[in-house]
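One structure is given below, encoded as structure tokens.
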There are 2 protein chains.
Amino acid sequence: METVDWRSPDLVAGDCPLSRTLDIVGGKWNAMIIRELLAGPRRFTSLRAGVGPIAAKVLAERLRVLEDYDIVVRDARGGVPAHVEYRLTSRGLTLGPVLAALWRWGVADEASWRGQPPASGRAG
Amino acid sequence: METVDWRSPDLVAGDCPLSRTLDIVGGKWNAMIIRELLAGPRRFTSLRAGVGPIAAKVLAERLRVLEDYDIVVRDARGGVPAHVEYRLTSRGLTLGPVLAALWRWGVADEASWRGQPPASGRAG
DNA sequence: CAGTATCCCCGCCGATACTG
DNA sequence: CAGTATCGGCGGGGATACTG
């Protein structure tokens with residue numbers, strides 16, 4: 001399983017594959033958004049409800065960024081405004097296994113972890 | 001590969017396995033630090049060089065948090081100050097596959113991705 | 001070498017109000 | 001419904017100086 005070359009040429013933050021993936025998945029809400037979208041297309045409000053207590057502005061922001069990364073598509077059905085769907089691009093779908101790995105670690109970890117997380121959680 | 005229950009009871013940010021994993025791995029420098037440590041124990045300065053352009057204060061901070069999470073151990077060899085080693089705990093080591101997944105996506109992605117990332121990268 | 005202490009800044013995020 | 005506009009703060013992170 002550990003057949004990864006951690007000693008790749010660019011280890012520097014900005015350029016290494018790790019950072020680049022985390023630019024997409026590591027942000028505060030991004031993983032949640034992608035998770036919701038892995039279950040199928042969603043409308044803005046529904047998405048917002050599913051993700052958690054996220055401000056509309058922030059969700060819109062994140063979605064725009066994820067669009068720029070070609071992870072998410074905004075689909076205004078037939079040009080009707082006020083009916084918009086977001087879904088994952090094919091590129092976005094490839095993040096499934098990545099989120100799965102993160103998820104699984106969290107689950108396995110929960111079983112073994114008997115300690116308090118350092119108070120400052122990602123949960124607001 | 002997709003045998004993960006995305007519809008688990010707690011989807012809310014703070015409690016879901018995804019967030020908890022990202023609390024550890026998703027921070028700005030954390031993944032880099034863990035990556036360095038996956039290659040073996042390191043001293044503070046060496047670690048700092050390997051991780052990238054990180055301020056000493058921040059590295060010390062991050063290391064303390066990772067200690068609290070029981071991911072990293074600080075090992076003052078024989079009580080000699082000014083000779084300290086950091087290494088992963090057994091729990092920390094289990095993050096290997098997780099980082100590997102992130103890394104691999106970044107690599108595979110680099111090949112297919114023909115677009116500019118949205119300027120605001122994680123790289124300072 | 002392995003950090004601490006201090007200062008400052010900016011970007012992220014949240015809340016509220018408003019719009020097509 | 002699907003956002004935008006605006007403001008405000010708070011804390012994470014960087015630079016620099018200092019210490020055992």
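Convention: sequence-line order gives letters A, B, ...; per-chain numbering from 1. Side chains included, hydrogens not; waters and symmetry mates left out as well; all remaining heavy atoms used.
Nucleic acid contact class of B:R48 (heavy atoms, under 4.0 Å, all strands): none.
Rounded to whole angstrom, the span from the CG atom of A:D75 across to the C1' atom of D:dC1 amounts to 16 Å. To the nearest angstrom, C1' of C:dG3 lies 16 Å from CD of B:E85. Residue A:I33 contributes atom CD1, which lies 15 Å from atom P of D:dA2 at whole-angstrom precision. With rounding to whole Å, A:H83 atom NE2 is found 11 Å from D:dC1 atom P. Distance CZ (A:R74) to C1' (D:dG3): 8 Å, rounded to an integer number of Å. When the P atom of C:dA2 is taken as reference, atom CG of B:L47 falls 10 Å away, rounded to whole Å. Rounded to an integer number of Å, the gap from CG of B:L59 to P of C:dC1 is 14 Å. The distance from atom CZ of B:F44 to atom P of D:dG20 is 18 Å, rounded to the nearest whole Å.
A:L63 contributes atom CG, which lies 7.5 Å from atom CG of A:L37 (distance to the nearest 0.5 angstrom). Distance check: A:I33 CD1 to A:L38 CG gives 12.0 Å after rounding to the nearest 0.5 Å.
Judged as a salt bridge (charged side-chain N to carboxylate O under 4.0 Å, His left out), and not counting sequence neighbours, A:R43 has no contacts. The side chain to side chain donor-acceptor pair (under 3.5 Å) search around B:T45 returns none, not counting sequence neighbours. Residues forming a salt bridge (charged side-chain N to carboxylate O under 4.0 Å, His left out) with A:R87 (at least two apart in sequence, or on another chain): A:D75.
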List every contact pair, protein side and nucleotides 8-13 of chain C side both N or O, where the distance is under 3.5 Å.
{"residue": "C:dC13", "atom": "N4", "partner": "A:K57", "partner atom": "NZ", "Å": "3.3"}

For residues 46-60 of chain A, tabulate all N or O donor-acceptor pairs below 3.5 Å that involve a side-chain atom, not counting sequence neighbours.
{"residue": "A:S46", "atom": "OG", "partner": "A:R42", "partner atom": "NE", "Å": "2.6"}
{"residue": "A:S46", "atom": "OG", "partner": "A:R42", "partner atom": "NH2", "Å": "3.1"}
{"residue": "A:R48", "atom": "NE", "partner": "A:I54", "partner atom": "O", "Å": "2.9"}
{"residue": "A:R48", "atom": "NH2", "partner": "A:I54", "partner atom": "O", "Å": "3.4"}

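For the pair A:R64 and D:dA2, the criterion of a side-chain N or O lying under 4.0 Å from OP1 or OP2 is not met. Between A:Y86 and the phosphate of D:dG3, there is a side-chain N or O to OP1/OP2 separation shorter than 4.0 Å. Distances shorter than 4.0 Å separate none of the side-chain N or O atoms of B:R43 from OP1 or OP2 on C:dC1.
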Step-by-step side-chain contact (heavy atoms from CB on, under 4.5 Å) determination, A:L88 to A:I71: CA-CA 6 Å; A:L88 294 176; A:I71 299 297; 4.2 Å; yes
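Secondary-structure stems of DNA chain C, taken as three or more successive Watson-Crick or G-U wobble pairs (i with j, i+1 with j-1) under a 3.5 Å distance threshold, comprise C:1-20 with D:1-20.
When all heavy atoms of B:A101 and A:V98 are compared, the closest pair comes out as O-CG2, 4.0 Å. Taking each heavy atom of A:V25 and B:L22 in turn, the nearest pair found is O-CD1, 3.8 Å.
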